[in-house]
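Please read the structure below before turning to the comments.
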Amino acid sequence: MFNKRVKIKDLLATEPKGQEVTVMGWVKGFRQNQFIALNDGSSNNNLQVVVELGTQDEATLKRLTTSASIKVTGELIPSLGKGQKMEVKAKTLEILGDSNAEVYPIQPKKHSLEFLRENAHLRFRTSTFGAVFRVRHTLAFAVHKFFNDKGFVYMHTPIITASDAEGAGEMFRVTTLPADNPPRNEEGGIDYKEDFFGKSTNLTVSGQLEGELGATAFGEIYTFGPTFRAENSNTARHLAEFWMIEPEMAFYDLEDNMDLAEEFIHYIIKYALEHNREDIEFLAQRLAEEEAALPKEKRSEMGLMEKLDFVVNNKFERITYTEAIDILLQSPAYKKKKFQYDVKWGIDMQSEHERYLVEKHFKKPVIVTNYPKDIKSFYMRVNDDGKTVAAMDILAPGIGEIVGGSQREERLDVLIQRMKDMHVPVDELSWYLDTRRYGTVPHAGFGLGFERLILFVTGMTNIRDVIPFPRTPKNAEF
Ligand code: ATP
Ligand code: MN
């Protein structure tokens with residue numbers, strides 16, 4: 001049998017008593033013709049493999065280059081050297097795959113994140129990205145665990161949709177029509193009747209509308225899947241393809257919605273700290289070193305571990321949009337004209353405003369509620385004041401918006417009026433309106449961008465570094 005190997009992570013948690021073990025992995029380093037640092041991706045920690053002098057031929061030793069893959073069988077013994085508790089004394093050593101160190105792009109030195117992004121196909125083998133993507137996995141697992149434990153139904157909403165209710169202009173078209181010479185209708189436009197689905201279709205920007213159909217049958221559902229936005233915003237917080245978590249709950253009002261979102265974020269950070277502390281500590285160390293090189297005013301006030309503990313142990317601040325605008329108008333930043341964009345009631349807050357509230361004023365995550373209805377979507381419930389809607393955004397330090405949600409408009413007549421006012425096609429969304437026609441209920445939900453959450457937990461600063469293969473304007477490599 002080939003695969004009787006022990007994973008290095010498991011092995012490092014056992015007691016070394018001279019037992020025979022088989023390990024496989026990639027060479028991280030080889031020094032003094034004796035000591036191999038071996039990594040198999042199960043953990044950031046390497047296993048030390050000792051090749052006793054004279055036990056292997058020179059030709060084999062020469063092939064122990066960075067990233068060569070090997071199989072080792074030997075004795076697991078307490079280490080004589082400092083720096084590790086145990087080591088494997090190699091009995092047999094087999095090279096599984098050579099790696100030409102002269103051309104292997106990832107050298108055993110510190111590479112910039114930009115360089116590694118260009119080599120994203122190999123960056124998983126670095127300590128930083130190994131840690132980031134193991135944390136990503138832990139967080140994904142925690143998402144499912146949280147909702148499953150609460151009895152939510154995991155719902156798969158469609159990736160190809162025909163509804164252009166939301167985000168017009170931000171959508172990627174899906175078509176099988178020839179790009180160079182599509183069939184035309186009588187008006188000279190593209191004839192989508194000839195297209196694969198017989199109509200114009202696109203990649204989903206959100207699973208929410210379908211999610212509401214699930215919530216008004218199962219009570220509580222969540223989605224967790226890929227989402228696509230052709231927004232040409234080349235920022236460190238936007239991807240063209242990202243993963244979104246969208247719970248939708250019947251019998252919830254705005255406050256229930258906020259409580260759930262806060263509990264959810266607390267839970268999954270705590271879960272990651274409990275189940276993958278090692279990788280997060282490594283990333284905290286990395287961030288501390290990175291920040292040490294910055295001028296003092298650019299450094300974070302808290303280290304990553306401290307920040308995560310703080311967030312888990314403190315309630316989020318909750319303020320209304322109106323209060324938020326007042327705080328901004330009273331702020332020294334506003335008075336000293338430090339904001340690039342103007343502040344007044346009715347604006348869609350810019351990221352500089354959000355960051356001021358979160359990083360300077362409250363110094364913790366903030367939930368902003370009851371936004372002006374003119375800047376929010378048609379499905380958000382209109383408040384009694386007639387001016388605002390029962391929306392809530394959660395803003396996080398260093399990230400900005402991490403969650404966007406609302407109580408949904410459950411009153412058919414109000415909803416139809418809103419759709420008309422906002423030029424949302426009522427006929428096309430008749431299926432959606434059926435939830436309001438047949439046993440409508442108060443309900444609410446939110447969307448959380450998975451990569452923004454990973455940024456928060458890992459302390460990484462560019463969203464391209466927390467998704468394996470980022471899709472951004474002018475980039476669809478790998
Ligand atoms: P932003 O103002 O930051 O563009 P948004 O208002 O467009 O966000 P929503 O439509 O409310 O965001 O989407 C819900 C969540 O999805 C956001 O809170 C955010 O966490 C995430 N998100 C939105 N757009 C992107 C994107 N392009 N890349 C990654 N995550 C995103
Ligand atoms: Mn956006």
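Both counts, for ligands and for their atoms, begin at 1 and track the order of listing.
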Check: of Q350, E231, E401, Q208, min heavy-atom distance to atom 17 (C) of ligand 1 comes from E401

Among W243, F242, F228, closest by heavy atom to atom 22 (N) of ligand 1 is F242

Evaluate the side chain to side chain contact (heavy atoms under 4.5 Å, CB included) criterion for residues N462 and L113: first the C-alpha distance (whole Å), next the side-chain angles of each, then the deciding distance (0.1 Å), finally the verdict.
CA-CA 9 Å; N462 193 315; L113 296 175; over 6 Å; no

Presence of salt bridge, E301 and K363, under 4.0 angstrom:
yes

Could you tell me whether E262 and R318 make a salt bridge, using a distance below 4.0 angstrom between a side-chain N and a carboxylate O?
yes

Mind checking whether Y356 and F339 have ring centres under 6.0 Å apart?
yes

With the threshold set at under 4.0 angstrom, would you say L453 reaches ligand 1 through any of its heavy atoms?
no

Under a 4.0 angstrom heavy-atom cut-off, which atoms of ligand 1 come close to G447?
14 (C), 15 (C)

Check whether any N or O atom of I463, backbone or side chain, sits under 3.5 Å from an N or O atom of ligand 1, and answer yes or no.
no

Do any nitrogen or oxygen atoms of L239 come within less than 3.5 Å of a nitrogen or oxygen of ligand 1?
yes

Examine I402 against ligand 1 and note whether any of their N/O atoms are separated by less than 3.5 Å.
yes

Any heavy atom of H238 under 4.0 Å from ligand 1? The part involved is both

Donor-acceptor pair between E281 and Q285 side chains, under 3.5 angstrom
no

